[in-house]
Amino acid sequence: MLIVMDPNATADQIDAVVARINALGFSGRALPGAQRTAVAVTGNQGAVDQDAFIRMAGVKEVVRVSAPYKLVSREVKPDDTVIDVRGVKVGGTNFVVMAGPCSVETREQLMETADAVKAAGATILRGGAYKPRTSPYDFQGLGVAGLKLLAEARERTGMPIVTEVMDTETVDVVCEHADILQIGARNMQNFALLQAIGKTQKPILLKRGMAATLKELLMAAEYIIAAGNPNVMLCERGVRTFETMTRNTFDVSAIHMLRRLTHLPIVADPSHAIGIWHGVPALARAAVVADAQALIIEVHPRPEEALSDGPQALKPETFQRLMDQVRKLRAVMVEDGQLL
Ligand code: PEP
Ligand code: MN
C-alpha cells in the first residue's frame, strides 16, 4: 500500500504517517519525489485498513500497489532514482559508462587499462578482485590485493570503482575499498548476501541471474531496498537460452520493460551478453538506443593475455571508437535535457 501525501504536507505530517505504520507492526518508508512524497507500507501479509490513514493530516490518498515488488516499482515512486557515486550521477537522464578489465591481474594491467578507459570518456572503473569462476582451477582473483590496486587506480584517475562482492564474509572489506558493490549473476538470489549489502548504504550493481525473470530480478532488488539500502542499479547482462554461438542472449526487451517497471537505474553489460569482442559495440549501441542509462564494458590492453574473459574484452582503441559512437547516439536521443 502507498500513502500519497499532499504536495504541501509537512515533514511532521510525513513522520506521523510513518510512525503510525510502524506502530501497527508494519514498515513505513518515506519516498520523497519531485512532485510529492509518498509513504510505502511493507511487511504486511494481507491488506492494511485504509481508514487508519485517510483522515490523517497531510494525506492525499491511499493507493493499493498491485505489483508484488513495491519499493522498486514506478507505481510507488514515479521519478527515476539518481544515485550519486562520488559525484558521478547514475540514473535519470544521465548516461554513464563503466569500463575496465574483467579481473584485476597486475598493477601494470590495471593502471594501463584505467588510464585508457578514462581517456576514452568512461567515468567509473570496473575490475574484479573476487571472481566467480565456473572451474575451481581457473584464476580466482587477487582478493584484498586486488581491492588495494583498485583503490590505487581510483587515487590515480579519480574514477570511482565497481567490483564484485561474492559472499557475506567479504562485504566489509569490499565496502572499505569499493564505491559500488557488484552482485554477480550467479549470486542474484543469494538472499543472505542481498540482506547483508542492504544493511550498507553503498551503491549496488545487481546483475540479472542467467536464468532469472525480470520479476525475480526486481524481487531481488526489493530485498536490498527492504533491508535499508535504496541505492540499487539493475544490470541486464544476457540470459541463457538454446543459442550456443554467443555466450548468452542479450535481452534488449528487458531494458525497455525495466525502464517502465522500475525507477532504478538500468545498466547494460554487452560484454557478458554476447561474450565475443567484435559483437560488443553493436550490443552497446543497441542498449543506448533502447534507453539504458549506463553501460559496463570489459576492456583489456592485451586480451590474449587476460586471465578471465579475454575473448570478450575490447582493446582500448576499439573502446575509444565505441565511446565516440555512444556520444553521438546519446546526442540524438536527448533534446533539451529530455530523453526523446
Ligand atoms: C563480471 O562482471 O566479470 C561477471 C562475472 O559478470 P556476471 O556476474 O554477469 O557473469
Ligand atoms: Mn567478466
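Throughout, residue positions are numbered sequentially from 1 according to the sequence presented. Remember, it's 1-based here, ligands and their atoms both numbered in the order they're listed. Here the structure is a predicted model, which means the values were calculated and not measured.
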Between Glu305 and His300, is a side chain to side chain donor-acceptor pair (under 3.5 Å) present by the stated rule, with each step listed? CA-CA 9 Å; Glu305 291 174 16; His300 197 293; over 6 Å; no
Is the number of heavy atoms from other residues, nucleotides or ligands under 6.0 Å of Arg64 CZ greater than 12?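 Buried by this count: over 12 neighbours within 6.0 Å.
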What protein heavy atom lies closest to [atom]? Include the residue and the distance to one decimal.
atom	answer
atom 6 (O) of ligand 1	Lys207 NZ, 2.9 Å
atom 10 (O) of ligand 1	Arg237 NH2, 2.8 Å
atom 8 (O) of ligand 1	Ala185 N, 2.7 Å
atom 4 (C) of ligand 1	His272 NE2, 3.4 Å

Salt bridge flag under 4.0 Å for residues Asp324 and Arg321: no
Side chain to side chain contact (heavy atoms under 4.5 Å, CB included) with Pro160: which residues, sequence neighbours excluded?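 Side chain to side chain contact (heavy atoms under 4.5 Å, CB included) check on Pro160 returns Val85, Arg86, Val88, Ile124, Asp179.
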Listing by chain and number, which protein N, O or S atoms are under 2.8 Å from the Mn ion (ligand 2)? Cys102 SG, His272 NE2, Glu298 OE2, Asp309 OD2
If the cut-off is 4.0 Å to any non-hydrogen atom of Gly184, which atoms of ligand 1 fall inside it? 8 (O)
Under 4.0 Å, counting heavy atoms only: does Glu298 come that close to any atom of ligand 1?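 Distance cut 4.0 Å: Glu298 passes for ligand 1.
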Does the residue Cys102 have a heavy-atom contact with ligand 1, meaning some pair of atoms that are separated by less than 4.0 Å? yes
Side chain to side chain donor-acceptor pair (under 3.5 Å) against Thr249, all qualifying residues, sequence neighbours excluded: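 If we apply the side chain to side chain donor-acceptor pair (under 3.5 Å) test to Thr249, skipping adjacent residues, the hits are Thr241.
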Do the side chain of Thr200 and the main chain of Lys202 share a donor and acceptor less than 3.5 angstrom apart? yes
As an exercise, state the distance from OG1 of Thr113 to NZ of Lys118, rounded to the nearest 0.5 Å. 15.0 Å
Please indicate whether any nitrogen or oxygen in Asp269 is less than 3.5 Å from any nitrogen or oxygen in ligand 1. no
Distance alone, cut at 3.5 Å: any donor-acceptor contact between the side chains of Lys77 and Ser73?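 Checked: Lys77/Ser73 side chains show no N/O donor-acceptor pair below 3.5 Å.
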Side chain proximity check, Met188 to Leu206, heavy atoms < 4.5 angstrom: yes
Could you check which of Glu164, Lys131, Arg126, Arg186 puts a non-hydrogen atom nearest to atom 2 (O) of ligand 1?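 When every heavy atom of Glu164, Lys131, Arg126, Arg186 is considered, Arg126 comes closest to atom 2 (O) of ligand 1.
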By the ring-ring contact (aromatic ring centres under 6.0 Å, His included) test, which pairs, at least two apart or in different chains, include something from residues 160-215? Phe191-Tyr223
